[in-house]
Amino acid sequence: MSAFDPHQLLGAYLLGGLDAVDRAAFDSHLQQCADCREQLAGLEKLPVVLDALPVPDAVALTVVSAGTVSPQTAAPARLLSKLARRRRTSRRRWAALTAAVAAACLALGIAAGPLLARPAQPDATYSVQSGAGLQFSIDLARKTWGTELAVNGSSLPRDGTLSLWVRDRGGGEDRACAWSATPSGRVKVTGATPIQLGSISSVELRDGSQHAVAVITVP
């Protein structure tokens, strides 16, 4: 894996194309790279979509009109066909597939939207509310790299920056996500942390001054 930029292996990791050594190394990279965790959370349903989509349909999605074909748009059709043969390819081909997945995502999103729209069931859900009307809930989902957090809130602070912090049972903490407050006081965002679900002791919503706005304790 040292011969590659770890960020270029995200697609191969997502589709199961890394060997055991490289996969373990990329798992370690995910612990340190919030950008890769966020991208992985957004693309995690792609392998299911690719397997479910008939090969002719997948290839057809990559066809462009005459005179507009480029190396970037021609690659997905060839690589999606290889993927249909259960992705038994070498690591070198998987590195090429990383670029192809990125090029194919837009087209696949059009045809496979209903599949991607099916919400996954969270592993745990917690909520808290205050007498001032604040309501704050999170859905926690286990991932191989840590935990995904889906946030839903209303009557939150209406200015400044808000952030979501996850504390583990050893006293450490990690910022899962941050966003600008909305005039309506409502928000739906998704965050990610390398802390495993079983190790989370609490989740805390903080304002721009890092004061706690809401705290959810995880049993």
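Along the sequence shown, the residues carry numbers beginning at 1.
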Original post:
Could you go step by step and tell me if Cys177 and Val189 meet the side-chain contact (heavy atoms from CB on, under 4.5 Å) rule?
Top reply: CA-CA 8 Å; Cys177 60; Val189 297; 4.1 Å; yes

Original post:
Any side-chain donor paired with an acceptor under 3.5 Å for Asn152 and Ser137?
Top reply: no

Subject >> Criterion side-chain contact (heavy atoms from CB on, under 4.5 Å) on Ile216 and Phe136, from CA distance to verdict >> reply: CA-CA 9 Å; Ile216 291 178; Phe136 180 69; 3.7 Å; yes

Original post:
Do Leu164 and Trp179 come within less than 4.5 Å of each other through their side chains, counting heavy atoms only?
Top reply: yes

Original post:
Is it true that atom CZ of Arg175 has more than 12 heavy atoms of other residues, nucleotides or ligands lying nearer than 6.0 Å?
Top reply: no

**OP:** Inspect the surroundings of CG in Asp159 and state if more than 12 heavy atoms from other residues, nucleotides or ligands are less than 6.0 Å away.
**Re:** no

Original post:
If every non-hydrogen atom of Gln196 is compared with every non-hydrogen atom of Gly146, which pair is closest and at what distance?
Top reply: NE2-N, 3.5 Å

Original post:
Taking Arg37 for the side chain and Leu30 for the main chain, is one N or O donor matched with an acceptor at less than 3.5 Å?
Top reply: yes

Original post:
Are the side chain of Thr193 and the backbone N or O of Asp174 linked by a donor-acceptor pair below 3.5 Å?
Top reply: no

Original post:
Should His29 and Cys36 count as side-chain neighbours, where that means a heavy-atom distance under 4.5 Å?
Top reply: yes

Original post:
Does Ser180 offer a backbone N or O that forms a donor-acceptor pair with the side chain of Thr161 under 3.5 Å?
Top reply: no

**OP:** Just grab all the salt bridge (charged side-chain N to carboxylate O under 4.0 Å, His left out) pairs involving residues 193-206, residues at least two apart or on different chains.
**Re:** Glu173-Arg206, Glu204-Arg206

Subject >> Side-chain touch Asp139/Leu149, heavy atoms, less than 4.5 angstrom >> reply: no

Original post:
Has the side chain of Ser209 got a donor or acceptor atom that lies under 3.5 Å from a matching backbone atom of His211?
Top reply: no

Original post:
Is Trp165 linked to Leu134 within one hydrophobic cluster, defined over Ile, Leu, Val, Met, Phe, Trp and Tyr using a side-chain heavy-atom separation of less than 4.5 Å?
Top reply: no

